[in-house]
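Computed from a predicted structure; not experimentally measured. Labels below follow one simple rule: chain letters A, B, ... track the order of the sequence lines, proteins then strands, and each chain is numbered from 1.
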Amino acid sequence: MLSQPIRYTFGGDEQLFAEISESMSLAAFFKSLGMVQAIEAQRIDGILDVCLANASFQVRFNPDVIHPDILLAKVKALESMAQNQSKQRLDTRIVEIPVLYNDPWTHETLMRFRDRHQDPNSTDLEYAARINGLKDVQAFIDAHCGSPWFVSMVGFVAGLPFMFQMVEQAKQLEVPKYLSPRTDTPKQTLGHGGCFGCIYSVRGAGGYQMFGVTPAPIYDPQQTLSYLKDSMVFFRTGDIVQFKPIDRAEYDRILEEVENGTFAPKTQAFTFDLKDYQADPEQYKKTMMEVLYVD
Amino acid sequence: MSINVIKPGLATAIQDKGREGYYHLGIPPSGAMDQYSMTLANLLVNNDEGDAVLECALLGPELLFQQDTIVAVCGARMSPKVDGAVMPLNTSFLIKAGQTLSFAYPTAGARAYLAVAGGIDVPMTLGSRATYTLGALGGYQGRRLEAGDELPIGKPKKAAKEGQHLPTECIPPIEKEMPLRMITGMYIHRLTDDAVERFFEDTWTVGSEADRIGYRFKGGRAMEFKPRQQPFGAGSDPSNIVDACYPIGSIQIPAGKEPIVLHRDAVSGGGYATIGTVISADMDLIGQMQPNYKTHFVPVNMAEALEARQLKQQQLDKVRHYLKI
């Protein structure tokens, strides 16, 4: 499916970077995932961390322990194994994330940074709807929450998920980043740049267009909520996310649950199979929603 | 017993060697930006080399000591003062209970490292005491110091002595212009050949946006990326790529204008093409650059990078030998 060779390049003397593909696809993500899993399984001395990105990966290493050339040879040697062993199946989770689209907080923020935007006279949602050929903001929101998203990278800042929507390429929502990044983004903002959606895990700088906000914390170094007890970072690569539009009353209700410490997002275990998905995406998405919403 | 923070300074935070193994979750290594100077300070007070220190950027803090403590300051030339009396840099000295430590303005460099015998004893988070402010993680309550904070001091494992100092040749010079060596690669093929030439020819000046996440450089000529049909998912600007991992030390040039070098609180990934990575041996130099310091980027190969790294380790061996550790 993806026959082009992996492109390797060193990031200084402490990182090995590998590009699977220049363009984004689930096939590229799965090939990258296969490599990362194969490398981790080897437990190679000197490797500090293996980072998976959308269509690439990076190995951070200590060159005092393993010479960069030896590491490169070991990683290359895993290519055929990763390909053979890759069943393109992934034990993962389906997660429902409630979203207040078009909320007052991101609206206030985006109005403050209109001078950095492509279209200062409309909001991020109005602009995104127009350039994606959708008739209005509601049609854009319907498309945004109408199909699930696949977490293809965690990073930028602590625990921020990058997500790729599970629709055919022609239906992917694509927007440019701000002309110049904002210095502020509310915590738990839903962002979008290129074809990727994201949830800003912490307040801070950001360049993605802003569409709404979720009341669900996804990163907490204090680990007060039950679903953040095991890991202060909620999302893992491979998670499948379904956004659920909520109104202000429900947002406030969930926020209360978060403050009481009783909130947890609806989450179900699921084994994702890339081949089955690609054979009939619409049917497969229905099955996933049955898994998420069956009690 | 502890240290009372009277004035926090501009950006003082607890740092150590940093945490590894969480970059894949977007949590960067953090830790001292000048690891070499941090290690020297710890060695002078006979600490473990990974004990937590205070990283004091540009404008140092004012600290009231509650107990007799041996301390040492290395890195930026910000002379320590005990109750106003100037003390030497790169030398261990005693502060008595009730005395106040403050710092002079830096005559060179940007970050001084204060080691106290026993180390700053805050709890470990993910294997390190380093502060990662963006993620509100580690250090003192996940943030820079504020007035009124009480910093616990650990019990020294080995006795510290006053008057320990360093061989002069092991104290790295700090100049207002220091070259940065880098290994080219990553997405440098996206730049035009002319742009690559200009990048290495031009003098780059540290801008005002220079912090633990990254350093932005200005003053060089703009650089063009080769035009292309952008790959799916990359975004429309020619400097954009499908969001990928950023190495620590990697250099990106958003829209071809001002290069940004990521440091130890790096954002772990994003959609800008990186064109190479500063070698590990020169990352400490960046930590000592003030705004308006200048640099040239110098391409080196892997062998040269590893040799530079080894040289630094040999310097530290020399210090350990000299201090009989």
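Side chains of Phe162(A) and Val242(B) form no contact here, defined as non-hydrogen atoms less than 4.5 Å apart. By the 4.5 Å heavy-atom criterion applied to side chains, Glu14(A) and Pro247(B) are not counted as neighbours. Here the side chains of Met232(A) and Tyr22(B) are not in contact, with every heavy-atom distance at 4.5 Å or above.
At most 12 non-hydrogen atoms from other residues, nucleotides or ligands lie less than 6.0 angstrom from CG of Asp230(A). Under a cut-off of 6.0 angstrom, the local environment of NZ in Lys171(A) is sparse, with at most 12 non-hydrogen atoms contributed by other residues, nucleotides or ligands. Counting non-hydrogen atoms of neighbouring residues, nucleotides and ligands closer than 6.0 angstrom, the CD atom of Glu307(B) reaches no more than 12 such neighbours. Within 6.0 Å of CZ on Arg203(A) lie no more than 12 heavy atoms contributed by other residues, nucleotides or ligands.
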| said: I'd like to know whether Gln58(A) forms a side chain to side chain donor-acceptor pair (under 3.5 Å) with Tyr246(B), so could you lay out the CA-CA distance, the side-chain angles of the two residues, the decisive distance to 0.1 Å, and finally the verdict. | reply: CA-CA 8 Å; Gln58(A) 168 173 290; Tyr246(B) 289 154; over 6 Å; no
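Each of Ala305(B), Gly249(B), Ser280(B) has some count of heavy-atom pairs under 4.5 Å with chain A, and the biggest count is that of Ser280(B). Of the listed residues (Leu16(A), Val157(A), Val233(A)), the one with the most heavy-atom contacts under 4.5 Å to chain B is Val157(A). Note: Arg60(A) leads Gln222(A), Met153(A), Arg60(A) in heavy-atom pairs under 4.5 Å with chain B. The most heavy-atom pairs under 4.5 Å with chain A, out of Thr125(B), Asp265(B), Ile248(B), Leu126(B), come from Ile248(B). When the candidates Cys195(A), Gly159(A), Ala55(A) are compared by the number of heavy-atom contacts under 4.5 Å with chain B, Cys195(A) comes out ahead. Chosen from Ala53(A), Ser231(A), Pro63(A), the residue pairing most often with chain B at heavy-atom distances under 4.5 Å is Pro63(A). In terms of non-hydrogen atom pairs under 4.5 Å with chain A, the most contact-rich of Ala266(B), Cys245(B), Pro28(B), Gly185(B) is Cys245(B).
Looking at Pro254(B), neither its backbone nor its side chain comes within 4.5 Å of chain A, counting heavy atoms on both sides. Heavy-atom distances place both the backbone and the side chain of Phe156(A) under 4.5 Å from chain B. With a 4.5 angstrom heavy-atom cutoff, Ile279(B) touches chain A via backbone and side-chain atoms both. Only the side chain of Val202(A) comes within contact range of chain B, with at least one heavy atom under 4.5 Å from a heavy atom of that chain. The contact between Phe10(A) and chain B is made by backbone and side chain atoms together, counting heavy-atom distances below 4.5 Å. There is no contact between Arg236(A) and chain B, counting heavy-atom distances below 4.5 Å. Neither the backbone nor the side chain of Tyr8(A) comes within less than 4.5 Å of any heavy atom of chain B. Contacts of Met186(B) with chain A are made by both backbone and side-chain atoms, with heavy-atom separations under 4.5 Å. The contact between Tyr208(A) and chain B is made entirely by side chain atoms (from C-beta outward), counting heavy-atom distances below 4.5 Å.
Distance check, rounded to the nearest 0.5 Å: CG of Asp220(A) to CG of Leu137(B) gives 10.5 Å. Put simply, OG on Ser25(A) and CZ on Phe232(B) are 9.5 Å apart, with the number rounded to the nearest 0.5 Å. The CZ atom of Arg181(B) sits 10.0 Å away from the CG atom of Asp13(A) when rounded to the nearest 0.5 Å. Taking CD1 of Ile241(B) as the reference point, atom OG of Ser23(A) lies at 12.5 Å (rounded to 0.5 Å). For the atom pair Asp64(A) CG and Gln310(B) CD, the distance stands at 8.0 Å (nearest 0.5 Å). Atoms CG and OG, on Asp243(B) and Ser56(A) in that order, are 9.0 Å from each other to the nearest 0.5 Å.
Nearest heavy-atom pair across Ile27(B) and Ala158(A) is CG1-CB, 3.6 Å. Leu306(B) approaches Pro68(A) most closely through the heavy-atom pair CD1-CD, 3.9 Å.
A donor-acceptor contact closer than 3.5 angstrom is absent between the side chains of Glu20(B) and Asn62(A).
A salt bridge links Arg228(B) with Glu22(A): at least one charged nitrogen is closer than 4.0 Å to a carboxylate oxygen.
With hydrogens and angles disregarded, a donor-acceptor distance shorter than 3.5 Å links the side chain of Asp49(A) to the backbone of Tyr23(B).
The stretch residues 174-187 of chain A places Glu174(A), Pro176(A), Lys177(A) near chain B, each with some heavy atom under 4.5 Å from a heavy atom of that chain.
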